[in-house]
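Just below is one structure, and these are the notes that go with it.
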Amino acid sequence: MPNIHFSAAGEAMPTAKIKIDRAAVMRTAWSHYRTSFTRSWRKEPFNRSNFAYCLTCAWQQHREAQLSPFEQRIARIEREIDALKYKSLRYDIAPMQRRLEAKLAALAA
């Protein structure tokens, strides 16, 4: 069944599917994994969680490559706002969050 979204008024809106080359995503993920998590002098076993992280980063990189520079900036600010949740408690994130949300609101206006 096709994935159809409906607006508040009830009419169907077409969804835009982004075509991403999955082979290129896997090549990017393996390249990132090899450079970041393996050492030539020590044989380490394959770590699924590290590769999952690399795969997530590769998907995000390929998705953002197809966005306009304006959309890329909005996505980057939204990621920064999400990342504030993981800061240590010694940081006061409220002013940082307000600053980022003000930037996002200024871009949306």
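For reference, positions follow the sequence shown, starting with 1.
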*asked:* Could you list the cluster mates of F70? Members are the ILVMFWY residues connected by side-chain heavy atoms closer than 4.5 Å, either directly or through other members.
replied: I74, I77, I81, L84, Y91, I93, M96, L100, L104, L107

*Could you grab the distance from atom CD of Q72 to atom CZ of R63, nearest 0.5 Å is fine?*
13.5 Å

*asked:* L55 vs H32, test: side chain to side chain contact (heavy atoms under 4.5 Å, CB included). Steps then yes/no.
replied: CA-CA 9 Å; L55 194 56; H32 183 71; over 6 Å; no

_Side chain Q61, main chain T28, donor-acceptor under 3.5 Å_ = no

*Would you call the rings of F37 and Y53 parallel, tilted or perpendicular, where under 30° means parallel and over 60° means perpendicular?*
perpendicular

_Derivation of the side chain to side chain contact (heavy atoms under 4.5 Å, CB included) call for W59 and R22_ = CA-CA 9 Å; W59 272 109; R22 291 181 289 178; 3.8 Å; yes

*Counting only heavy atoms not in F46, do more than 12 fall under 6.0 Å of its CZ?*
yes

*Which atoms form the tightest heavy-atom contact between C54 and A29, and what is the distance?*
CB-O, 3.7 Å

*Between S36 and Y33, is there a donor-acceptor pair closer than 3.5 Å when you use the side chain of the first and the backbone of the second?*
no

*Decide, yes or no, whether a salt bridge links R79 with E64 under the criterion of side-chain N to carboxylate O below 4.0 Å.*
yes

*side chain to side chain donor-acceptor pair (under 3.5 Å) with N47: which residues, sequence neighbours excluded?*
S49

*Would D21 and R27 count as a side chain to side chain contact (heavy atoms under 4.5 Å, CB included) if you check the C-alpha gap in whole Å, the side-chain angles of each, and the deciding distance to 0.1 Å?*
CA-CA 10 Å; D21 184 12; R27 279 193 301 271; 4.1 Å; yes

*Indicate yes or no for a side-chain donor-acceptor contact from E71 to the backbone of S68 under 3.5 Å, with no hydrogens or angles considered.*
yes

*Between T35 (side chain) and S31 (backbone), is there a donor-acceptor pair under 3.5 Å?*
yes

